Amino acid sequence: MSAPNERIWLIIAAIPYGHVTTYGQVAALAGLPNAARTVGRILSNLPTGTKLPWHRVVNARGEISLTGAQATRQKKLLVQEGVTVTRKHVSLAEFGWQP
DNA sequence: AAGCTGACGTATT
DNA sequence: AAATACGCCAGCT
């Protein structure tokens, strides 16, 4: 496990219930301001049963970046947490998160 | 070691 | 509004 990877995990794990963040935000908090892609790549590499709330991470527009079944799963999880998800975008109310 | 890839982001066309 | 191009960073081949 490399260091940035671990920081990213910790940051995602700290996202509060019912809130969402962006890939770029996670990357920035991890100390890698332009590594949004890295965050996505790492999430794609997560084991199926991971405890990380990866579904609370969306792209800069507040939309789900995944497609098909994956997107459906993420949307469902968010809705279950009380997050308002319209089509693919999350309402601004639960957007952003300051530790 | 070198190059390719990707759950992104922003600027252009 | 949608598609394309480029930059960025870590992991894989």
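Below, read A as the first sequence line, B as the second, and so on, with proteins coming before strands; counting in each chain starts at 1. No experiment lies behind these values; they were computed from the predicted model shown.
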**Q** Using whole Å, report how far CZ of A/Arg87 lies from P of C/dA1.
**A**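 The answer, rounded to whole Å, is 11 Å.
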**Q** Separation of A/Leu77 atom CG from B/dA7 atom P, in whole Å?
**A**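 In whole Å, B/dA7 P and A/Leu77 CG are 18 Å from each other.
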**Q** To the nearest Å, how far apart are A/Leu32 CG and B/dC8 P?
**A**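 Value for this atom pair: 17 Å.
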**Q** Using atom CH2 of A/Trp9 as one end and atom P of C/dA10 as the other, report the distance to the nearest whole Å.
**A**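 Distance check: A/Trp9 CH2 to C/dA10 P gives 15 Å.
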**Q** Is the backbone N or O of A/Leu66 less than 3.5 Å from a side-chain atom of A/Lys88, with the two atoms forming a donor-acceptor pair by type?
**A**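 Yes, the answer is positive, given that a donor and an acceptor are paired below the 3.5 Å cut-off.
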**Q** Between B/dA7, B/dC8, C/dA10, spot the one nearest the side chain of A/Ala36, thanks.
**A**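 Ranking B/dA7, B/dC8, C/dA10 by closest atom to the A/Ala36 side chain puts B/dC8 first.
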**Q** Counting side-chain heavy atoms from CB outward, which of B/dC8, C/dA10, B/dA7 is closest to A/Asn59?
**A**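 The answer is B/dC8, which lies nearest to the side chain.
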**Q** Which of these nucleotides, B/dG9, C/dC9, B/dA7, is closest to any side-chain atom of A/Thr22?
**A**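 Looking only at side-chain atoms, A/Thr22 lies closest to B/dG9.
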**Q** Is a donor on one side and an acceptor on the other found under 3.5 Å between the side chain of A/Gln74 and the backbone of A/Val57?
**A**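 Checking the backbone N and O of A/Val57 against the side chain of A/Gln74, a donor-acceptor pair under 3.5 Å is found.
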**Q** Just the rounded figure in Å: distance from C1' of C/dA10 to CD1 of A/Ile8.
**A**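 Computing the A/Ile8:CD1 to C/dA10:C1' distance gives 8 Å.
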**Q** Of the nucleotides C/dC9, B/dA7, B/dC8, which one has an atom closest to the side chain of A/Thr38?
**A**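 Closest nucleotide to the A/Thr38 side chain: C/dC9.
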**Q** Distance check: side-chain N/O of A/Asn45 vs OP1/OP2 of C/dC12, anything under 4.0 Å?
**A**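 Yes, within the criterion.
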**Q** In whole angstroms, how far is the P atom of B/dT10 from the OH atom of A/Tyr23?
**A**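 To the nearest whole Å, that distance equals 14 Å.
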**Q** Looking at A/Leu78 and A/Arg56, what are the two nearest heavy atoms and their distance?
**A**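 Taking A/Leu78 first and A/Arg56 second, the nearest heavy atoms are CD2-CA, 4.1 Å.
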**Q** Please work out if A/Leu43 contacts a base, only the sugar-phosphate, or nothing of the nucleic acid, heavy-atom cut-off 4.0 Å.
**A**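 Base, at least one base atom sits under 4.0 Å.
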**Q** Are A/Val79 and A/Val83 co-members of a hydrophobic cluster defined by side-chain heavy atoms under 4.5 Å apart?
**A**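 Looking at the clustering, A/Val79 is in the same group as A/Val83.
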**Q** Is there a donor and acceptor pair, one atom on the side chain of A/Arg37 and one on the base of B/dG9, closer than 3.5 Å?
**A**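 Per atom types, no contact qualifies.
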**Q** Could you state the CZ-P distance from A/Arg41 to B/dT5, rounded to the nearest angstrom?
**A**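 Value for this atom pair: 13 Å.
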**Q** Find the distance A/Arg73:CZ to B/dA7:C1' and express it as a whole number of Å.
**A**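 Atom CZ in A/Arg73 sits about 12 Å away from atom C1' in B/dA7.
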**Q** So A/Ser65, base contact, sugar-phosphate only, or nothing? Heavy-atom distance under 4.0 Å.
**A**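 Contact class for A/Ser65: sugar-phosphate only.
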**Q** Shortest non-hydrogen contact from A/Ser65 to A/Tyr23?
**A**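 Smallest heavy-atom distance, with atoms named: OG-CE1, 3.8 Å.
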